[in-house]
Engineer: 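Take this structure, written in structure tokens, and hold onto it; I'll ask about it next.
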Amino acid sequence: MSAPVLAAADEVVELMLEVPQGQVISYDLAALCSALDITDPTRIAVETDGTRRAIVTIYPSNPLEQMPPPSPQDMLMDRHGRIVMGRYHNGRPARRRLFDPRTGSAQRALVFGTTGAGKSRVVQYTLACEKRNRIVSWYGDLKGGQSAPEAEDHVDWYATSQEEVILMLRAAVAVAEARQRRYKALGRNAFILNDPDPLISVRVDEANRLLEKGSPYRDEGTRLVKELGRTGRSVGVGAELDAQASHLEELGGSDTLRAMLKEGEVTLLRWSSSMMRQLVADGLLPATSQLMPIPKTLRPRTLRSQFDPDPDDDEDDGPGTHGMGYLLSGPHPTALMRHWRIGSIAPTPGLDPEILTLYGPGEPARLETASQEAAGEAYAARHDPAAMAALCQTLWLDTQQAAVIPIEGGAASGRSTPRRPRLEDRLLAVLAAAENPMTAEDILDAVNADGGRPVRIGSIRNCLGGLADAGEVLRTERGRYAPAR
Ligand SMILES: Nc1ncnc2c1ncn2[C@@H]1O[C@H](COP(=O)(O)OP(=O)(O)OP(=O)(O)O)[C@@H](O)[C@H]1O
Ligand SMILES: [Mg+2]
């Protein structure tokens with residue numbers, strides 16, 4: 001590496017570094033600071049191209065210490081479908097894609113970060129941008145509505161429990177399938193923005209609570225997200241997960257989910273110690289690219305002798321680093337960026353007026369009428385707390401019932417305990433009795449005619465998906481199903 005460069009206190013210094021051909025560039029931040037005699041590592045930004053070259057920029061002070069709020073212009077999609085999320089360390093705009101007009105693709109996105117890193121503020125900003133761009137936002141918050149309370153009246157669907165999020169994801173999959181059928185009938189092979197349908201964005205904040213091991217809805221949640229990734233992209237239904245998961249095993253752990261998120265827009269905010277290793281292991285981050293760690297605060301560490309008077313009592317922690325991160329799928333994955341200042345830093349007693357202003361006046365965009373039937377009763381009940389509670393209760397009971405493993409023959413009397421047939425068994429019996437492959441709707445009618453407990457189309461679809469994944473049911477042409485044997 002070249003020798004340290006001396007610069008005036010207010011100058012920015014940029015070093016272009018290159019290792020000999022055949023070697024891969026890597027660096028040790030502490031060694032670099034020591035070589036340059038810099039005590040505050042947040043004044044340095046290092047970007048590598050993952051092979052031989054790096055740019056090291058040394059600033060008089062951290063260039064991202066103060067962030068302004070976004071301007072209305074930043075919030076509007078440009079002709080490439082991108083909005084400005086904040087700035088890179090060199091002052092250039094940091095953009096993220098909400099839509100790809102070249103291919104008509106809705107986006108899949110993942111926002112990772114440790115607790116307090118700023119995920120929910122990123123969510124609020126993106127939701128506000130979606131509202132301004134007339135995108136239909138379906139937002140689920142598994143912290144019970146605490147993460148982004150200002151969003152409630154500014155999105156089309158605001159879900160706050162695991163059950164409601166499952167109902168929302170089921171509806172999203174059903175809408176994607178309905179659009180698929182409708183577009184096929186129109187002779188369309190791609191989604192065209194607002195012609196005739198709006199883009200839909202389905203987002204789950206604290207998604208790890210739904211998808212981690214032990215969650216009652218892990219399997220179904222994973223399957224629905226996977227399904228949405230598969231069908232949604234080309235019919236204008238995007239999906240985003242926001243999570244503090246350190247690795248994908250906590251996000252359902254499925255290969256399809258992994259593949260879907262690898263292709264998506266990935267934002268990494270401040271991470272915990274194990275996160276980076278896991279992101280590399282999960283293939284979300286190439287092993288060769290190195291990211292400068294983001295400290296919790298911007299106060300440089302100073303050594304104090306025990307004989308010094310102790311001034312620490314009065315010192316606070318220094319400015320936080322919330323909102324700092326990396327846009328891993330953007331053109332500069334190793335360049336440190338920071339999101340705009342979203343809302344007040346200090347907690348506000350009620351809803352934050354600065355955040356409400358970001359959403360602006362007026363109603364959010366709504367799901368097109370043509371898909372409302374497919375979205376089903378949960379969509380119709382989303383603003384009716386009593387009706388929604390009843391649907392959530394039914395879902396919970398269905399899940400409890402499915403989770404009970406029947407005791408066969410173990411009763412003290414020696415007689416076997418009769419059990420209600422599980423939905424899987426009822427569904428397989430219907431398919432076995434049919435002469436031809438059946439649609440989900442036909443199966444629903446036949447199952448409901450077998451004298452057992454009434455079920456809904458969502459449970460049938462869910463059960464069919466599970467049986468198809470397990471290889472017990474075959475998907476045939478035109479959305480029909482047949483027994484595998
Ligand atoms: N872009 C931002 N602008 C202003 N303040 C921010 C920003 N991002 C984060 N903050 C501050 O950091 C706090 C935590 O942010 P946020 O709730 O978004 O974190 P989180 O990653 O969602 O955390 P958790 O995992 O606990 O939900 C906020 O209450 C706010 O004070
Ligand atoms: Mg949060």
Side-chain angles (χ1 to χ4, degrees), residues 62-71 74-75 83-89 93-96 109-129 137 139-152 155 158-162 165 203-212 240-247 250-251 266-275 279 294-299 316-328 336-359:
N62 186 307
L64 299 173
E65 188 171 335
Q66 299 290 336
M67 287 303 289
S71 72
D74 295 322
M75 302 180 74
I83 52 167
V84 185
M85 302 301 289
R87 279 186 195 142
Y88 288 111
H89 63 86
R95 297 191 170 90
R96 187 176 131 185
L110 181 61
V111 178
F112 267 136
T114 187
T115 178
K119 298 180 295 296
S120 298
R121 294 288 168 115
V122 173
V123 163
Q124 292 259 29
Y125 177 59
T126 321
L127 286 171
C129 292
S137 305
Y139 171 58
D141 171 24
L142 295 171
K143 255 194 195 170
Q146 198 197 328
S147 296
E150 291 80 4
E152 181 164 7
V155 294
Y158 181 76
T160 55
S161 69
Q162 302 225 359
V165 166
R203 177 175 284 100
V204 183
D205 199 346
E206 293 284 328
N208 41 297
R209 295 193 185 195
L210 185 77
L211 302 176
E212 68 200 357
E240 176 178 306
L241 300 181
D242 302 84
Q244 21 169 322
S246 58
H247 54 98
E250 286 170 35
L251 288 180
V266 182
T267 302
L268 177 64
L269 298 167
R270 186 166 58 82
W271 54 84
S272 62
S273 54
S274 64
M275 217 180 248
L279 288 172
I294 299 171
K296 197 163 178 202
T297 75
L298 288 176
R299 193 175 76 163
D316 68 6
D317 291 341
T321 57
H322 42 253
M324 282 191 184
Y326 294 92
L327 302 179
L328 295 181
L336 182 66
M337 59 80 63
R338 190 166 198 177
H339 290 87
W340 300 125
R341 185 166 64 73
I342 304 301
S344 340
I345 307 237
T348 46
L351 298 182
D352 186 329
E354 271 189 52
I355 296 183
L356 289 174
T357 308
L358 284 180
Y359 285 101

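Numbering of ligands and ligand atoms starts at 1, following listing order. What you are looking at is a predicted structure, and each value in this text was computed from that prediction instead of being measured.
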Engineer: Which atom names give the shortest non-hydrogen contact between Met75 and Pro70, and what distance separates them?
Structural biologist: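 In this case the closest contact between Met75 and Pro70 is CG-CB, 4.4 Å.
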Engineer: How far is atom 6 (C) of ligand 1 from the closest protein heavy atom, and which atom is that?
Structural biologist: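 Heavy-atom neighbour on the protein nearest atom 6 (C) of ligand 1: His322 CD2, 3.4 Å.
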Engineer: Might you check, step by step, whether the distance between atom 14 (C) of ligand 1 and some protein heavy atom is under 4.0 Å?
Structural biologist: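 Yes, because at least one protein heavy atom sits under 4.0 Å from atom 14 (C) of ligand 1.
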Engineer: Quick check: does any side chain N or O of Asp74 sit under 3.5 Å from a backbone N or O of Val84, one acting as donor and the other as acceptor?
Structural biologist: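 Flag not set: sc Asp74 to bb Val84 has no pair under 3.5 Å.
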Engineer: Please work out, at 4.0 Å between heavy atoms, whether the side chain, the backbone, both, or neither of Met67 comes within that distance of ligand 1.
Structural biologist: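 For Met67, no heavy atom sits under 4.0 Å from ligand 1.
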Engineer: Can you tell me which portion of Thr114 lies within the under-4.0 Å heavy-atom range of ligand 1? Options are side chain, backbone, both, or neither.
Structural biologist: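 Under 4.0 Å from ligand 1, Thr114 contributes backbone atoms alone.
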Engineer: Keeping to distances under 2.8 Å, can you name the protein N/O/S atoms close to the Mg ion (ligand 2)?
Structural biologist: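 Near the Mg ion (ligand 2), the protein supplies Ser120 OG.
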Engineer: Holding to side chain to side chain contact (heavy atoms under 4.5 Å, CB included), I want the full list of residues that pass it with Ser147, two or more places apart in sequence or in another chain.
Structural biologist: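 For Ser147 the side chain to side chain contact (heavy atoms under 4.5 Å, CB included) partners, ignoring immediate neighbours, are Ser120, Tyr139, Asp141, Lys143, Asp205, Glu206.
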Engineer: What is the nearest protein non-hydrogen atom to atom 31 (O) of ligand 1, stated with its residue, atom name and distance?
Structural biologist: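 Here the closest protein heavy atom is Ile345 O, 3.0 Å.
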Engineer: Tell me: protein heavy atom nearest atom 19 (O) of ligand 1, and distance?
Structural biologist: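 Heavy-atom neighbour on the protein nearest atom 19 (O) of ligand 1: Gly118 N, 3.1 Å.
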Engineer: Report the residue from His322, Met324, His339 that forms a side chain to side chain contact (heavy atoms under 4.5 Å, CB included) with Leu269.
Structural biologist: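 In the set His322, Met324, His339, the residue that makes a side chain to side chain contact (heavy atoms under 4.5 Å, CB included) with Leu269 is His339.
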Engineer: Starting from atom 20 (P) of ligand 1, what is the nearest protein heavy atom, named by residue and atom, and what distance separates them?
Structural biologist: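 Here the closest protein heavy atom is Lys119 N, 3.5 Å.
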Engineer: So, the side chain of Arg270 versus the backbone of Ile294: is there a donor-acceptor pair under 3.5 Å, distance only?
Structural biologist: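 Absent.
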Engineer: At their closest point, which heavy atom of Leu127 faces which heavy atom of Ser137, and how far apart are they?
Structural biologist: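 Shortest heavy-atom separation between Leu127 and Ser137 comes out as CD2-CB, 3.7 Å.
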Engineer: Just need the protein heavy atom nearest to atom 29 (O) of ligand 1, so name the residue and atom and give the distance.
Structural biologist: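 Nearest neighbour among protein heavy atoms for atom 29 (O) of ligand 1, to 0.1 Å: Arg121 NH2, 3.2 Å.
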Engineer: Tell me whether Arg96 contacts the main-chain N or O of Met85 through its side chain, where contact means a donor paired with an acceptor under 3.5 Å.
Structural biologist: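 No, because the side chain of Arg96 does not come within donor-acceptor range (under 3.5 Å) of the backbone of Met85.
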Engineer: Counting only N and O atoms by type, is there a donor-acceptor contact under 3.5 Å from the side chain of Arg209 to the main-chain atoms of Ala243?
Structural biologist: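 Not a single qualifying donor-acceptor pair exists.
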Engineer: At a 4.0 Å cut-off, with the gap strictly under it, does some heavy atom of Ala117 reach an atom of ligand 1?
Structural biologist: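 True for this residue.
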Engineer: Can you find a non-hydrogen atom of Glu206 under 4.0 Å from ligand 1?
Structural biologist: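 Glu206: in contact with ligand 1 (<4.0 Å).
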Engineer: Just need the protein heavy atom nearest to atom 26 (O) of ligand 1, so name the residue and atom and give the distance.
Structural biologist: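 Answer for atom 26 (O) of ligand 1: Thr115 OG1, 2.8 Å.
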Engineer: Can you tell me which portion of Trp340 lies within the under-4.0 Å heavy-atom range of ligand 1? Options are side chain, backbone, both, or neither.
Structural biologist: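 Under 4.0 Å from ligand 1, Trp340 contributes backbone atoms alone.
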Engineer: Any side-chain heavy atom of Leu336 sitting closer than 4.5 Å to one from Tyr326?
Structural biologist: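 A side-chain contact exists here, since the closest heavy-atom pair is under 4.5 Å.
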Engineer: Any side-chain heavy-atom pair from Thr126 and Arg203 closer than 4.5 angstrom?
Structural biologist: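 Heavy-atom side-chain distance check passes, below 4.5 Å.
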Engineer: Determine whether any heavy atom of Gly113 lies closer than 4.0 Å to an atom of ligand 1.
Structural biologist: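 So Gly113 does not count as touching ligand 1.
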Engineer: Which pair of heavy atoms, one from Ala151 and one from Tyr359, lies closest together, and at what distance?
Structural biologist: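 Taking Ala151 first and Tyr359 second, the nearest heavy atoms are CB-OH, 3.3 Å.
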Engineer: Between the main-chain N or O of Ala117 and the side-chain N or O of Gln244, is there a donor-acceptor pair closer than 3.5 Å?
Structural biologist: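 No, Gln244 side chain to Ala117 backbone: no donor-acceptor pair under 3.5 Å.
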Engineer: So, taking the atom named OH in Tyr125 and the one named CD1 in Ile355, what distance separates them when rounded to the nearest 0.5 Å?
Structural biologist: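 It is 13.0 Å, given to the nearest 0.5 Å.
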Engineer: Around atom CD of Glu354, are there more than 12 heavy atoms of other residues, nucleotides or ligands at under 6.0 Å?
Structural biologist: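 More than 12 within 6.0 Å, yes.
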Engineer: For atom 23 (O) of ligand 1, what is the closest protein heavy atom, and at what distance to 0.1 Å?
Structural biologist: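 Here the nearest protein heavy atom works out to Gly116 N, 2.8 Å.
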Engineer: Please report which non-hydrogen protein atom sits nearest to atom 3 (N) of ligand 1, along with the residue it belongs to and the distance in Å to one decimal place.
Structural biologist: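 Checked against all protein heavy atoms, atom 3 (N) of ligand 1 sits closest to Ile342 N, 2.9 Å.
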Engineer: Under 4.0 Å from a heavy atom of Lys143: which atoms of ligand 1 are those, numbered in the order shown and with their elements?
Structural biologist: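 Ligand 1 atoms under the 4.0 Å threshold to Lys143: 24 (P), 26 (O), 27 (O).
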